[in-house]
Amino acid sequence: MLIKEEKFIKIKNIIGVLFLISIFLIAIQVASGAEITTYKWGSGGDVTKNNLIKKNIPNSQIVMDVIKAAKKGTPVIKFGDGDGPTTLIVAGVHGNELSSQVAAIRLINNLYKFEKEKPIKGTIYIIPFVAPKSTASNVRFFNVKNLNSVANNSGTLTNNIIKFAKNKKIEGVGDFHSTQPGGVPGKNFILGTDNPTIESAKMAKAISKLTGHPYKNEYLAAKSYPGALEDNLNLNGIPAVTCEVKSPHGKIASGSVLASYNQMKAFLKYSKNI
Ligand SMILES: [Zn+2]
């Protein structure tokens, strides 16, 4: 009997310790705020091999953790877990469009740094580098493919993002790019679509108002750009916009990171995450 009792006490103690550990782990998760997940899509690379990325990103623990995660695949950083809107910010569909990728990293750094002073509402997912491998070598394409023209093809990185967005029940997506001077559109610009997801058009108009950057809404998704990520998200019923800032490819024009950062903040403001 005594032995049995002792065993019982031991089991009780073990359960007690496990209970305390679990509370401790939950506390760590709440305190640290951000959750980093790596999707091993064959897209990994060391983005610090790109000198302009290395020079322009903050030197903090959260940023180091994201860089480390990107070596193995496409990193997704999640903030918040409460009631409210669930949104997704994407950068680096084109590996050599650096301004938006740096802006996404700065946004991650700031959301993490100021999470107590400025808690967010709902959930924000951020993909700062769609294809770290392309970003590392400062090239536009991923495995000789323009990721913004193959989002309608299963198995591509951009199609994986559509599946991810569906799976996470994302309610709005901002896809952030840079456009070179003399290119199309060649200036700070917001693009949306009227059909079939009118919310995309409303979002483009609102971000335009908040940033002062002009906007244009296409009549029908995927008509002009059949394989674009934004268009295919809209076709799948997930309202999305494309936001462009003016900067040469492979470089970072003065003011372009801030312009992209402001577009991201406008997107989050309109979505009521901040
Ligand atoms: Zn682009």
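Nothing here was measured: the structure is a model prediction, and the numbers come from that model. Start at 1 and go down the list; that is how both ligands and their atoms are numbered.
- Contact check on E244 versus K187 returns no salt bridge, with no Lys/Arg side-chain nitrogen under 4.0 Å from an Asp/Glu carboxylate oxygen.
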Could you walk me through whether T48 and D46 pass the side-chain hydrogen bond (donor to acceptor under 3.5 Å, both in side chains) test, one step at a time?
CA-CA 5 Å; T48 59; D46 182 0; 2.5 Å; yes
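- For the 3.5 Å distance criterion, the side chains of N96 and H94 fail to qualify, holding no donor opposite an acceptor.
- Not one N/O/S atom of E244, from backbone or side chain, sits under 2.8 Å from the Zn ion (ligand 1).
- Put simply, the angle at the Zn ion (ligand 1) from ND1 in H177 to OE1 in E97 is close to 90°, to the nearest 10°.
- Using a 4.5 Å cut-off between side-chain heavy atoms of Ile, Leu, Val, Met, Phe, Trp and Tyr, with links allowed through other members, V130 and I124 fall into different hydrophobic clusters.
- H94 contributes ND1 as its N, O or S atom closest to the Zn ion (ligand 1).
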